[in-house]
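Some notes on the structure that comes next.
Labels below follow one simple rule: chain letters A, B, ... track the order of the sequence lines, proteins then strands, and each chain is numbered from 1. Quantities reported herein were computed from a predicted structural model and do not represent experimental measurements.
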Amino acid sequence: MRKKAYRKIDIAGPGFINFTIANSMYRDALVSIRKQKTAFGTTEHGAEQRILIEFISANPTGPLNIVSARAAAYGDSLYRIMKRCGYRPEREFYINDAGNQVDILAESIELRYRELYNEDIGEFPVEAYHGQYVIDLAQKLKSIEGSRLIHVAERDRLEKMKEFALAQIMAMQQLSLERFDVEFDSWVSERVLRGQGTVEEILSFLTEAGCTYEMDEAVWFSASKFGDEKDRVLMKTDGSITYFVPDIAYHITKYQRGFDKMIDVLGPDHHGYIPRLKAAIRALKHDEEKLEIIFLQQVNLFDEGEKVKMSKRAGMIVTMDELIDVVGKDAARFFFIRRKPSAHLNFDLFLATQKSSENPVYYCQYAHARIHSILKKAKKENIDPDDFHTRNLKKLVRDDEMLLIKQLVDFPNVIIAAADNREPHRVADYVVELSGMFHKYYQKHTIVNKNYPDLSKARLYLITAVRDTLKNAFYLLGISAPKKM
RNA sequence: GCGCCAGUAGCUCAGCAGGAUAGAGCAACGGCCUUCUAAGCCGUAGGUCCGGGGUUCGAGUCCCUGCUGGCGUGCCA
């Protein structure tokens, strides 16, 4: 017997024909969703393509800030979403633990350390790191080493301090990430990379390819031949290399590892840098199409409507930890993910603390919790949802029920669209919509009614699918699915 | 100057491949708790989708141009 797929077909204005899908089709779809259980939403769309997602990659010179928090929420969700639809993504953190900034960090600690022994260090330099954490680290160093370090040679002292500071700060950063439920598959250290001789290798590769030259006692890369607007320095006059070289080396290792696609999630301040990186990749004859850059636009922080100026060196930053303390992990992640990556993000700390209802994460989690308590109620009323045959789904006839099913059916496509457009916010929007539809449905109809056990079971069957889908989507966003609120 | 991102309700933002009357949350106003959680629901009000051209049966969406804001344009990372 063939079922009718359409309930009605009519002409609706110029150029529009409306097909109304038969309720039976929706019911069949619902059964299929329930049968898939937690696997619903999982597809093979990505065909196991290997994707490297590099994100955050903050300097280990201070606590993670709010910009890193946005990158963390974004990168991690993108990972989860891509994985769900059949890609094979990996998460990577590149540690810029070499170069100028790290040296400045060591010097900053050193000054604070000497200060603790009442040495006159004069004016604390502007370019040094001013944050309280630098003083804390100096103090910690003092409690471990005492005054011993005062007497060792300056070079050894700085080296020791650098080691200490890097280890401490990276541990701090990892702790913040843990609190944010963000994990990485690999950590790549710039120092290790440099130690492996890759820097020299890149320099000689580029020289062999004939794209370097010397001028003004520096070594240049002829980036302009490869699409950049001008040539770039590889080795400075003082013989040290620019950050550019290890960064090329790092990207070459990505190519060597054989990914189908590499995604760099970067802050907006890096976009002037991309043409030269792509130029180098082209010069070294790699496929630049495989490298995809996502720019997360900046985060503007406001407090009671006033813009908070942030500067890492001046120590005026709002840290990721502070954010989690104030608004909570779920709300913070949800807030970041709701904005599409290319949009600037205005974040008012005052609002976030004052009116938590402004954040729709509660709205969604509430829907999930509500369904749980309805199921609990059913149990109390001795209505067993498992004692149910799918032919009873004929009890579901209302438009809002069909609409709910339609929304559920959409879920796998939302995941695919979010993955392919690199836009996790689509999943967040989906969740808000599904939650809203459920809240309305709940308000309008009694789900558990012992006078109508068959109808109750049919509705329980439906809302269980809603609950599972919500939970499923929450996971993709990295937020919790509370059973009670 | 050049490049990138943005400009949609009072505020923060969605709007998928161009489709029907442009949506949500917050803020404002008026209702709904003896019934599965009121962190919810219903209703009212609020818009020249930055301006101007163009493509099309049809443009918030695409093209050109102008304006405004942010960022970038280092032998810093």
Among [options], which is the nearest nucleotide to the side chain of [X]?
| X | options | answer |
| --- | --- | --- |
| A/Lys230 | B/G74, B/C36, B/C76 | B/G74 |
| A/Glu190 | B/C36, B/A77, B/U73 | B/A77 |
| A/His344 | B/C75, B/U73, B/G70 | B/G70 |
| A/Tyr442 | B/C36, B/C76, B/A24 | B/C36 |
| A/Thr242 | B/G74, B/A77, B/G3 | B/A77 |
| A/Lys440 | B/C41, B/A39, B/A14 | B/C41 |

For [X], which contact category applies under a 4.0 Å heavy-atom criterion: base, sugar-phosphate, or nothing?
| X | value |
| --- | --- |
| A/Phe244 | nothing |
| A/Ala369 | base |
| A/Ser373 | base |
| A/His372 | nothing |
| A/His439 | sugar-phosphate |
| A/Ala417 | nothing |
| A/Leu345 | sugar-phosphate |
| A/Glu381 | nothing |
| A/Lys340 | sugar-phosphate |
| A/Asp238 | nothing |

Starting at [atom1] of [X] and ending at [atom2] of [N], how long is that distance when rounded to a whole Å?
| X | N | atom1 | atom2 | result |
| --- | --- | --- | --- | --- |
| A/Lys236 | B/C75 | NZ | P | 10 Å |
| A/Tyr362 | B/G40 | OH | P | 12 Å |
| A/Asp231 | B/U73 | CG | P | 17 Å |
| A/Asp410 | B/C16 | CG | C1' | 10 Å |
| A/Arg370 | B/G40 | CZ | P | 8 Å |
| A/Leu266 | B/G72 | CG | P | 14 Å |
| A/His251 | B/A77 | NE2 | P | 16 Å |
| A/Asp400 | B/C42 | CG | P | 11 Å |

Base [N] to side chain [X], donor-acceptor N/O within 3.5 Å cut-off:
| X | N | result |
| --- | --- | --- |
| A/Thr237 | B/C75 | yes |
| A/His270 | B/G72 | no |
| A/Tyr243 | B/A77 | yes |

Spacing of the [atom1] atoms in [M] and [N] (rounded, Å):
| N | M | atom1 | result |
| --- | --- | --- | --- |
| B/C49 | B/G23 | P | 14 Å |
| B/C4 | B/G43 | C1' | 45 Å |
| B/U12 | B/G18 | P | 29 Å |
| B/A20 | B/A59 | C1' | 14 Å |
| B/U35 | B/U21 | C1' | 37 Å |
| B/A6 | B/C13 | P | 13 Å |
| B/U61 | B/C2 | P | 24 Å |
| B/G1 | B/C62 | C1' | 28 Å |

Is there a Watson-Crick or G-U wobble partner for [N] with both distances under 3.5 Å, and which nucleotide is it?
| N | result |
| --- | --- |
| B/C76 | none |
| B/A22 | none |
| B/C49 | none |
| B/G60 | none |
| B/C41 | B/G31 |
| B/G3 | B/C71 |

(request) Find the distance between OH (A/Tyr213) and CG (A/Leu234) and round it off to the nearest 0.5 Å. (result) 9.5 Å
(request) Assign B/C26 to syn or anti; the rule is syn for a glycosidic angle within 90° of 0 and anti otherwise. (result) anti
(message) If you take the centroid of each ring, where Trp contributes its six-membered ring, are A/Phe40 and A/Phe411 closer together than 6.0 Å?
(response) yes
(request) Determine whether the aromatic ring centres of A/Tyr273 and A/Tyr243 lie less than 6.0 Å apart. (result) yes
Under a 4.5 Å cut-off applied to non-hydrogen side-chain atoms, are [X] and [Y] in contact?
| X | Y | value |
| --- | --- | --- |
| A/Arg70 | A/Gln297 | yes |
| A/Phe184 | A/Gln174 | no |
| A/Asp264 | A/Ile294 | no |

(request) Look at atom NZ of A/Lys395 and say whether more than 12 heavy atoms of other residues, nucleotides or ligands are closer to it than 6.0 Å. (result) no
(request) Please test A/Glu92 against A/Lys254 for salt bridge (Lys or Arg N to Asp or Glu O under 4.0 Å), starting from the C-alpha separation and ending with a verdict. (result) CA-CA 10 Å; A/Glu92 187 158 284; A/Lys254 293 186 181 182; 5.2 Å; no
(request) By nearest nucleotide on RNA chain B, pick out whichever of A/Gly99 and A/Gln443 is the more 5' one. (result) A/Gln443
(request) For A/His425 and for A/Tyr441, locate the closest nucleotide of RNA chain B by heavy-atom distance; then report the residue assigned to the nucleotide nearer the 5' terminus. (result) A/His425
(message) Do the side chains of A/Asp400 and A/Lys440 get close enough for a salt bridge, i.e. N-O under 4.0 angstrom?
(response) no
